[in-house]
Amino acid sequence: MKTLRDVPVGATTKVVRIHGEGATKRRIMDMGVTKGIDIYVRKVAPLGDPVQVTVRGYELSVRKEDAQMIEVE
C-alpha cells in the first residue's frame with residue numbers, strides 16, 4: 001500500500017482510499033481530500049512533518065500521521 005507519505009516532492013498522485021475511522025477520517029475528508037481527487041506534493045518539512053500539498057486549488061498542510069492514512073496510486 002502506497003500512502004501520501006511515500007509520494008516525492010513535486011509529484012501528483014490520486015487518492016484511492018482514506019483509512020482510519022471516526023473524527024480523524026471525517027476531518028481529512030472535510031479538508032477536501034476524498035477518493036479520486038488529485039494531490040500535488042509541494043514540500044515536506046525538514047523533519048518530515050508536516051507535508052504541504054495542493055488539493056482542489058488550495059494549499060494544505062497535513063501531519064505525518066494523517067498522511068499515512070491516505071492511500072494513493
Side-chain angles (χ1 to χ4, degrees):
M1 177 180 81
K2 182 177 175 185
T3 67
L4 186 57
R5 290 282 302 140
D6 303 322
V7 179
V9 173
T12 301
T13 189
K14 188 178 294 269
V15 176
V16 174
R17 183 172 179 224
I18 299 173
H19 297 275
E21 297 178 2
T24 304
K25 183 175 180 178
R26 172 55 51 198
R27 183 171 41 83
I28 292 170
M29 292 175 70
D30 287 346
M31 290 188 287
V33 180
T34 56
K35 182 179 177 181
I37 199 73
D38 287 331
I39 296 181
Y40 173 71
V41 179
R42 294 183 52 84
K43 39 183 157 166
V44 178
L47 297 176
D49 196 22
V51 177
Q52 186 175 8
V53 298
T54 301
V55 179
R56 297 181 189 260
Y58 68 93
E59 292 183 16
L60 175 68
S61 291
V62 181
R63 293 183 297 194
K64 185 174 10 179
E65 297 84 24
D66 294 344
Q68 290 175 327
M69 290 185 199
I70 302 170
E71 183 179 343
V72 297
E73 289 182 341

Is [Y] reachable from [X] through a run of I, L, V, M, F, W or Y residues, each pair having side-chain heavy atoms under 4.5 Å apart?
| X | Y | answer |
| --- | --- | --- |
| M29 | I37 | yes |
| V55 | V51 | yes |
| L60 | V44 | yes |
| V9 | L4 | yes |

Are there more than 12 heavy atoms of other residues, nucleotides or ligands under 6.0 Å from atom CZ of R27?
yes
Pairs touching residues 34-50 that satisfy salt bridge (charged side-chain N to carboxylate O under 4.0 Å, His left out), sequence neighbours left out:
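For residues 34-50, and leaving out neighbouring residues, the salt bridge (charged side-chain N to carboxylate O under 4.0 Å, His left out) pairs sorted by first residue read K14-D38, R42-E59.
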Look up atom [atom1] in [X] and atom [atom2] in [Y], then write down how far apart they are to the nearest 0.5 Å.
| X | Y | atom1 | atom2 | answer |
| --- | --- | --- | --- | --- |
| K25 | R17 | NZ | CZ | 6.5 Å |
| T12 | E73 | OG1 | CD | 11.5 Å |
| E65 | R5 | CD | CZ | 9.0 Å |
| M69 | I18 | CE | CD1 | 10.0 Å |

Are [X] and [Y] close enough that some pair of their side-chain heavy atoms sits under 4.5 Å apart?
| X | Y | value |
| --- | --- | --- |
| R56 | T34 | yes |
| E71 | H19 | yes |
| V41 | V53 | yes |

Between I28, V62, D66, which is the residue that forms a side chain to side chain contact (heavy atoms under 4.5 Å, CB included) with V33?
I28
